[in-house]
There are 2 protein chains.
Amino acid sequence: MTPRPTINDVARAAGVSKGAVSFALNNRPGLATETRERILAVARELGWTPNSRARALSVSRSFAVGLVMARPPETLRADPFFPSFIAGLESVLSESGYALLLQVVPEHDHELRSYRRLAEEGRVDGVFVTDLHVDDTRPALLAELGLPAVIIGPALGEPFWPAVGVDDGPGVAAAVEHLVGLGHTRIAHVSGPTAMVHGQSRRDAWSRAMREAGLPEGPFAEADFSAEEGASATRRLLDLPEPPTAIVYANDLMAMAGLSVATGRGVDVPGRLSITGFDDTELAAHVQPGLTTVSTNVLDWGRAAAERLLALVDGRDPAPTELDPPRLVVRGSTGPAPS
Amino acid sequence: MTPRPTINDVARAAGVSKGAVSFALNNRPGLATETRERILAVARELGWTPNSRARALSVSRSFAVGLVMARPPETLRADPFFPSFIAGLESVLSESGYALLLQVVPEHDHELRSYRRLAEEGRVDGVFVTDLHVDDTRPALLAELGLPAVIIGPALGEPFWPAVGVDDGPGVAAAVEHLVGLGHTRIAHVSGPTAMVHGQSRRDAWSRAMREAGLPEGPFAEADFSAEEGASATRRLLDLPEPPTAIVYANDLMAMAGLSVATGRGVDVPGRLSITGFDDTELAAHVQPGLTTVSTNVLDWGRAAAERLLALVDGRDPAPTELDPPRLVVRGSTGPAPS
DNA sequence: AAAGCCACCTAAACCGGTTTAGTGACCACC
DNA sequence: GGTGGTCACTAAACCGGTTTAGGTGGCTTT
């Protein structure tokens with residue numbers, strides 16, 4: 001209620017100039033140790049904290065970074081990625097006194113405008129870019145705006161852009177290999193949108209793994225990561241004259257919906273059909289049968305992305321970060337191929 | 001790359017003082033229409049946007065509001081609430097030029113510090129308070145800090161605090177009534193943490209509905225909204241000498257885990273056991289059998305909360321917002337009580 | 001004793017907006 | 001023809017920090 005003290009109040013109370021207070025706060029050389037301590041003591045006593053708005057103006061930095069999520073609310077709803085990812089970001093950002101500014105926009109078009117606005121108004125010092133499309137115009141826009149950015153996700157194409165992400169490939173490959181080891185030969189894939197980088201990269205990984213196992217590619221169905229489309233893709237695959245004996249889904253949500261479609265039709269899992277997911281969501285361990293899936297350390301991923309962006313903002317050299325490779329978690333939804 | 005133009009550049013180019021530019025921008029009276037238009041034209045031509053940092057300092061506002069989420073990452077992971085809720089917030093905030101500042105902290109203790117810091121540094125003009133505990137100290141802290149706040153969730157106790165939320169009660173009651181109508185008499189409840197307001201309020205609603213149906217309360221198991229505890233609570237209930245014929249869960253995640261436990265044990269759903277959830281997550285419609293659950297309009301909820309906070313920040317009278325009441329969605333997981 | 005040099009601190013400019021007090025021109029009125 | 005009142009605008013203070021260019025006093029140096 002009482003107005004917060006300003007640097008002037010502290011200076012007056014300590015009998016020094018406000019410059020001195022600033023020096024003491026940011027412990028810069030040029031102050032006698034005794035003076036510095038006296039100033040800090042007074043500041044503590046008055047309960048003074050520097051006003052971030054004033055600081056932001058004078059140093060021309062906002063000490064905030066932005067995350068824009070462009071998804072229809074429906075797709076957003078059950079996404080297991082963001083909460084953990086954001087927790088990872090935060091653990092690094094808050095440590096450095098940075099805040100995370102979140103924007104949710106309904107369409108890609110709005111997203112471009114969001115970035116532009118964030119940059120032009122000087123709200124953020126850098127941004128994270130997620131859900132990259134294969135022909136995404138955002139990197140170009142951000143370069144034009146001169147806004148430091150870190151791309152979240154597998155780096156596809158432009159390698160000079162700093163992307164941070166676990167490579168999905170080995171995870172999908174591990175799932176395929178696991179199934180091949182169980183004797184499966186007709187292994188289908190239900191992908192996310194192949195117009196998006198992480199949809200495409202998982203799809204590619206599946207193709208490659210099949211090729212490397214010396215198998216034909218098997219049926220493929222494109223979906224959009226939602227339960228709805230996961231279910232309908234599964235129906236299409238099961239309706240094939242020669243249905244697959246295993247399906248590799250691009251995420252857990254679609255896999256769980258597919259699992260229900262199968263059991264609802266009386267198709268035994270894993271007796272007649274094996275199923276794998278991707279994400280290792282909490283529920284995956286608790287469906288019947290338990291879902292074999294790929295687990296990635298999203299928290300660490302967030303941390304790495306934040307560190308990278310802060311380095312970029314500070315003009316430091318971003319240390320190349322090593323992330324845990326994805327790990328296959330085998331549960332009950334996969335079993336030997338039917339004979 | 002080239003430094004953004006400032007208000008001074010615009011003033012010089014238009015041949016007026018910077019005050020005039022400011023007046024034109026915020027279209028305040030006292031400028032000839034012709035002058036105002038000339039200034040705006042010049043501004044547009046130079047591509048000038050007012051710097052929000054400077055604006056924030058001079059008007060002593062940050063044009064940002066904060067949302068602090070204090071949850072262990074595990075609980076956070078699969079929460080269907082936040083993504084939609086945030087989308088709702090955003091739709092209102094961005095309209096008014098406000099930004100959403102997100103903080104994720106691992107513990108409740110950190111959360112208090114987060115709020116304090118946000119307020120003291122002047123980063124935000126107001127905050128949302130979620131996951132209220134029954135003995136929560138945050139309202140007191142925020143009052144002390146003089147920070148406008150809107151509590152998200154059912155208002156339990158302190159009615160003078162502006163809370164925005166759908167009342168869970170009718171939703172849970174509808175589920176119980178639906179089951180009673182199907183002939184069930186032993187209806188159990190698996191709750192969230194009763195130390196939290198929304199855990200407690202759903203539990204209370206269940207008790208009340210049972211009482212009003214003239215039934216004894218039936219077995220109760222406290223859990224924490226997670227799939228893990230939902231599953232173990234279900235096991236405890238099914239192990240009872242006289243197991244319930246229906247279970248009302250406080251959220252979908254626990255209900256789906258419970259559903260799997262039941263089917264895994266060979267307990268037919270809904271033949272021998274009926275199950276209801278709460279949230280109407282995307283997957284609820286796609287499990288086998290489909291989950292009967294309670295749907296709330298979380299997007300609208302977010303919108304209402306944002307409108308309320310902005311009103312509070314502006315010192316306007318917050319219009320009382322009407323939210324859609326929760327709606328029971330009947331699917332296959334509920335059926336007639338076994339005879 | 002004048003000059004030189006630190007070490008320590010102050011005064012003032014600056015960041016880029018908003019806001020208030022004030023000024024000059026113009027017109028109306030008595 | 002002086003007074004009063006608008007209108008349209010400018011100049012300058014202000015928000016609360018950071019930063020730079022001095023300034024002061026004491027101690028060495030020659």
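Per chain, numbering begins at 1; letters A, B, ... match sequence-line order.
Note on ring orientation: taking the six-membered ring where Trp is involved, the planes of F85(B) and F82(B) are perpendicular (angle over 60°, cut-offs 30° and 60°).
Nucleic acid contact class of G15(B) (heavy atoms, under 4.0 Å, all strands): sugar-phosphate only. Nucleic acid contact for S22(A): base, since at least one base atom lies under 4.0 Å from a heavy atom of the residue. Across all strands shown, V21(A) has no heavy atoms under 4.0 Å from either base or sugar-phosphate atoms.
On the nucleic acid side, DNA chain C contacts chain B at distances under 4.0 Å to non-hydrogen atoms, with the end points of that region at dG16(C) to dT20(C).
Side-chain contact between H198(B) and D131(B): present, with at least one pair of heavy atoms (C-beta onward) separated by less than 4.5 Å. The closest side-chain heavy-atom distance from Y98(B) to L309(B) is not below 4.5 Å. The closest side-chain heavy-atom distance from N51(B) to T6(B) is not below 4.5 Å.
Considering all non-hydrogen atoms of both residues, A149(A) and L312(A) come closest at O-CD2, 3.3 Å. The two residues L142(B) and V129(B) come nearest to each other via the heavy atoms CD1-CG2, 3.5 Å. A87(B) approaches L299(B) most closely through the heavy-atom pair CB-CD1, 3.7 Å. When all heavy atoms of G97(A) and R117(B) are compared, the pair lying nearest together is CA-NH2, 3.7 Å.
Helix-axis bend for the helix from dA1(C)-dT30(D) to dC30(C)-dG1(D): the local axis fitted to the five terminal pairs at one end deviates from that at the other end by 70°, rounded to 10°.
Both the sub-6.0 Å distance and the 45° axial angle are not jointly satisfied by R138(A) relative to the ring of Y115(A).
Per the geometry, CD1 belonging to I7(B) stands 14 Å off P belonging to dA11(D), to the nearest Å.
Shown for residues 31-51 of chain B: residues whose heavy atoms fall under 4.0 angstrom of DNA chain D, namely L31(B), A32(B), T35(B).
Atom CE of M69(B) and atom CD1 of I86(B) lie 5.5 Å apart (nearest 0.5 Å).
Between R116(A) and E144(A) there is a salt bridge, with a side-chain nitrogen of the basic residue lying less than 4.0 Å from a carboxylate oxygen of the acidic one.
A residue-by-residue look at A54(A) and F23(B) shows that F23(B) has its nearest nucleotide of DNA chain D further toward the 5' end. Nearest-nucleotide mapping onto DNA chain D: of S17(B) and L57(B), the residue sitting toward the 5' end is S17(B).
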